[in-house]
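Following: one structure in structure tokens, then a few remarks.
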Amino acid sequence: MISANLGNIQMVDLQAQYLRIKPEIDQAILEVVASSQFIGGPAVQRFQQSLASYLGVKHVIPCANGTDALQIALMALGLQPGDEVIVPAFTYVATAEVIALLQLRPVMVDVEPNTFNVTADIIEKAITPKTKAIVPVHLFGQSADMESIMKVAGKHGLYVVEDNAQSMGADFTFSDGSSKKAGTIGHIGTTSFFPSKNLGCYGDGGALMTNDDALAAQLRMIANHGQSKRYYHEMVGVNSRLDAIQAAILDVKLQYLDEYNSARQKAASYYDKAFGAIAELKIPSRQNNSTHVFHQYTLQVLNGKRDELLAHLTEKGIPSGVYYPVPLYKQNAFSTYYSGEPLPITEILCQSVISLPMHSEMDEELLGYIADTVTHFFATN
Ligand SMILES: *Cc1c(COP(=O)(O)O)cnc(C)c1O
């Protein structure tokens, strides 16, 4: 294993990951360049088939990024301006942004304090006659409880679009013992291949997943200028494509996704062991109905010293992240959608969470250094 460079610790070490598979990646890129099929073509075809078969889903529609994927999904549902879409307030901005962009109304709801995910109960309380869709986010690496969310959606006739940008490869287990990949359970799933995601490319990329043939056709058409056949446009669409070079890279990296996710799980277990006995910290909970692929390893600092810990880590050369520091309804961009009632769990999480370096290339030297630094902080604070 490549030894950790303690002088240059990264949140995500993309370079070490590349170096391990460099010959395969380089060859895949060169093949696309040699073929000069930069848009569409066999590399994109191959990857969408590989991902569909990995996920066990009927259709994968590649697109330009995860934000576009969410936008295209919502455009396919035939919603009307002012229709309400339920979304967690504790998520990345993209999830709510596209709702507002399409003149729909984002209705932001709280999350469950242990998993950071929305639940069916929370969602059901926010349903009104204007609600048309739900966008659960599988945050940090675990699937939201899709079984109960689909039940509530079915009862109220709502669409479900899963934002699976952070949980690629996670398995959700239903109460009958069967399981499905996160992102393949709702009417549409969306994902991002941003470089730091669990399955990341070397630029921007995204995809939509669905088992519904009619929706798949609609999504493909919207992503391609609303075009049914060349130069015939059924509706106003967008231009959102996955580059052939990115598709070729992703097709190589998909073969390593399970390995990458288990390396993340191993690093998470190391952190758990190091931090489990520190009273001021809460280690990430594991759901029993979803595997955790640790897009982020997120601790809750219970003694109010999150920002001091962050400063201490920075001083010791350890990067860390606060995902997310501000509830979405308190962002200026979303002030018109704020009811004026803060969501208690979201408020607490924004004050207390901190994410540590987490990627597929962590070795014991690096983990040991980070664990010692955190432990030392709480021994003296
Ligand atoms: C990364 C991310 C997105 C957006 O993906 P991009 O490819 O950056 O557009 C959307 N939702 C969540 C939860 C994300 O983490």
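Just follow the structure's listing: the first ligand is 1, and inside any ligand the first atom is 1.
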- Query: Taking only residues two or more places apart in sequence or in another chain, which ones pass side chain to side chain donor-acceptor pair (under 3.5 Å) with T380?
  - Reply: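 Listed in chain order: nothing, the list is empty.
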- Task: Look at the aromatic rings of Y297 and F275 and report parallel, tilted or perpendicular, splitting at 30° and 60°.
- Result: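 Rings of Y297 and F275: tilted, 30 to 60°.
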- Closest protein heavy atom to atom 3 (C) of ligand 1, given as residue, atom name and distance to 0.1 Å: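 Among all protein heavy atoms, the one nearest atom 3 (C) of ligand 1 is Y92 CD2, 3.7 Å.
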- Query: When you measure from atom 11 (N) of ligand 1 to every protein heavy atom, which one gives the shortest distance, and what is it?
  - Reply: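 Checked against all protein heavy atoms, atom 11 (N) of ligand 1 sits closest to D163 OD2, 2.8 Å.
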- Message: One residue to check: V137. Relative to ligand 1, which of side chain, backbone, both or neither has a non-hydrogen atom less than 4.0 Å away?
- Response: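 The side chain, only.
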- Going by distance only, is there an N or O of G66 that falls short of 3.5 Å from an N or O of ligand 1?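 The answer is yes, given that G66 and ligand 1 share an N or O pair closer than 3.5 Å.
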- Should E124 and K151 count as an ion pair when the cut-off is N to O under 4.0 Å?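 So E124 does not pair with K151 through a salt bridge.
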- Task: Just jot down the ligand 1 atoms closer than 4.0 angstrom to any heavy atom of N65, in number order.
- Result: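 Result: 7 (O), 9 (O).
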- Message: So if I count the atoms of ligand 1 from 1 in the order they appear, which ones are less than 4.0 Å from some heavy atom of T67?
- Response: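 Every atom of ligand 1 under 4.0 Å from some heavy atom of T67: 4 (C), 5 (O), 6 (P), 9 (O).
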- Side-chain (N224) to main-chain (Q227) donor-acceptor, under 3.5 angstrom: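 Checking the backbone N and O of Q227 against the side chain of N224, no donor-acceptor pair under 3.5 Å is found.
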- Y324 and Q331 side chains, donor-acceptor separation under 3.5 Å: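 Note: Q331 and Y324 side chains miss the donor-acceptor criterion.
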- Quick one: does K197 get within less than 4.0 Å of ligand 1, heavy atoms only?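 Yes, K197 has a heavy atom closer than 4.0 Å to ligand 1.
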- Proximity winner for atom 5 (O) of ligand 1, if only heavy atoms of G206, S192, P88 are counted: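 Closest candidate by heavy-atom distance is S192.
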Hey, can you pull the donor-acceptor pairs under 3.5 Å for the side chains in residues 65-82, sequence neighbours left out?
| unit_1 | atom_1 | unit_2 | atom_2 | d |
| --- | --- | --- | --- | --- |
| N65 | OD1 | T67 | N | 3.0 |
| N65 | OD1 | D68 | N | 2.7 |
| D68 | OD2 | S240 | OG | 2.6 |

